[in-house]
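Only one structure is covered here, and it is reproduced in the block below.
Side-chain atoms are counted along with the backbone in the values below, which use heavy atoms only and exclude waters and symmetry mates. Both counts, for ligands and for their atoms, begin at 1 and track the order of listing. Small disclaimer: the values here were computed from a predicted structure and weren't measured. Note that the numbering runs from 1 along the sequence shown for the chain.
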Amino acid sequence: MEQERIVETGKEERSLNFIEQIVEKDLAEGKNNGRIQTRFPPEPNGYLHIGHVKAICMDFGIAEKYNGVCNLRFDDTNPVKEDVEYVDSIRNDIHWLGFRWGQIYYASDYFQQLYDLAIRFIKEGKAYVDEQTAEQIAAQKGTPTEAGVASPYRDRPVEENLRLFQAMQNGEIEDGRMVLRAKIDMANPNMHFRDPIMYRIITTHPHHRTGRTWNVYPMYDFAHGQSDYFEGVTHSICTLEFVVHRPLYDWFIDQFADSDYRPHQYEFNRLNITYTVMSKRKMLQLVKEGLVAGWDDPRMPTVCGLRRRGYSARAIRAFIDKIGYTKVEGMIDLGLLEHTVREDLKETAPRVCAIFDPVKLVLTNYEGAGETIVAENIDGKPELGTREMPFGRELYIERGDFQEEGDKNFYRLSPGGREVRLKAAYIIQATGCDKDADGRVTTVYATYDPQSKSGTEGGNRKTKSTINWVACDACIEAEARLYDRLFAVENPSAEEGDFRELLNPDSLHVVTCKVEQALKKEMQPLPVNDGVAEQHHYQFLKQGYFVVDPDTTSDKLVFNRTASLKDNWQK
Ligand code: ATP
Ligand code: MG
């Protein structure tokens, strides 16, 4: 069901998504004087993944489309997990995706304001310091149908709360010994109203921006809506798990707002993709334990991983456009993502020969020397340029393209008269082969027809098949990293037990291949633009889409397989 709808919205002229409809209605009604302001609020505790891109396309997309502004706000309220490394990578990735923010803000910019606000809450009898353990507090929460139990500290005097909260901030209280809680309603059917925690103590880690200034840090619910309010956000868009937080988001703001202006929260469905995980926490675990090569391992669903895998920003954004936004959680088929990158590369990636399981082919009647074939990068698209392929008497072809005993259904090389074309070059006919003691073919022999060269009059003669080749004395060895899905099961997050045991043991094969000499130009460090290595894409004929990996040096050529050619996606 979900997927049928997705293909619908992938059409060129898609209808408005439900958030755009809300925005248009607000504009029509003149809300906020026609001002549109969104924000993208990542916590800098990991690298961005493709799920974040869905939020980015929404937040920045709304601002772009309706002449508004989207600010980047780092939600940096937990110094234990956050780091500038993540701040920098998030900025780079958003830029690379092609979005521009208005301002950069940090929740930590508001620590003083939020602290002052907390004091105001205490003074108004709306907050208290609780000395119970996290377990005790959890045990008293009750259930949605059963009221919670009030903390014994709930009614302590304002003066005592002020003194203790100050002591918390002064570093006089150990981490975990006290929290500041909002005093709302322990019987509210919405569990988030049962005296939510506003502040906790963290003294173990300095904050990456405020250092040791603070010993108390605001919780998400107390920081997020307030930050939106301070900045003037009009549409605060997030994912569905926050629906249940929305009443509390509104409540906190109502307690102190001194105007009619209110930011409003709207929620859409998270992106989940089969055979992967979409959680920074789990990704961090994979990175830390060396189960992948890093955040930018090409098997990772991170933006930097997809980039290294060869996904362009355009392909990633086209994918997000295809899946659309709804209010129902679902799971997207990995096949759709792969389909989208193939569509993107099909028309643009130059096509070259790469031989993965080479066997030598000798053209016994070839006498030429120094001949070069000029081949189009994509057949029939001269505007995409040409390249030179050195030709010769000795070539490498794929082992699988030759059969000594070919049957009538084998259309490639086999002794017995069938004609086969060498890609962009001549027509040949196999005459025989040499084998080693184990019966394995070591050399294939063939004759070529000098009148059959592609691009000449004789080049129009049709053959049943075309095979790839490189010249033995003019090809380059390259390392090819062949990737497959990261997990062996469709939904690793839904399985019981340790998700790391569900990793696909065959997700990476490293092989060597022989590529055309034209790729020699790639044997140098990849140029870096805007903090990010360029992507140099190719289609290896009959093999797949490949991209030059940043591990490439002047001595070593390394490719990542972006996607195989075979598309299993069902429209
Ligand atoms: P994670 O669980 O991976 O850490 P998060 O939601 O905690 O994700 P944040 O950095 O807090 O990550 O998220 C920033 C924004 O990105 C939020 O608005 C969040 O709703 C959105 N977002 C995160 N993951 C997804 C996803 N899978 N699909 C769509 N939006 C997402
Ligand atoms: Mg988070």
Do the two ring centres, one from Phe165 and one from Tyr199, sit under 6.0 Å apart? yes
Nearest non-hydrogen atom to atom 10 (O) of ligand 1 belongs to which of Lys280, Arg73, Lys81, Lys54? Lys280
Output field: ring centroids Phe111/His207 closer than 6.0 Å: yes
Measuring from atom 29 (C) of ligand 1, which candidate in Pro42, Ser236, Pro41, Gly51 has the nearest non-hydrogen atom? Gly51
Heavy-atom count check: over 12 atoms from other residues, nucleotides or ligands less than 6.0 Å from Lys81 NZ? no
Closest to atom 2 (O) of ligand 1 among Arg270, Arg281, Glu43, His49 (heavy-atom distance): Arg270
Verify the distance criterion only: is there a donor paired with an acceptor across the side chains of Gln132 and Ser151 at less than 3.5 Å? yes
What atoms in ligand 1 come closer than 4.0 Å to a heavy atom of Ser279? 3 (O)
Quick one: does His52 get an N or O within less than 3.5 Å of an N or O on ligand 1? yes
Selection from Val53, Leu271, Thr239 by shortest heavy-atom distance to atom 27 (N) of ligand 1: Leu271
Under 3.5 Å side-chain donor-acceptor pair for Glu495 and Asn491: no
Can you tell me if NZ on Lys327 sees more than 12 non-hydrogen neighbours from other groups inside 6.0 Å? no
Number the atoms of ligand 1 from 1 as they appear, then name those within less than 4.0 Å of a heavy atom of Met278, with their elements. 3 (O), 27 (N)
Going by the atom numbers of ligand 1, which of them fall below 4.0 Å from some non-hydrogen atom of Ala55? 16 (O), 21 (C), 30 (N)
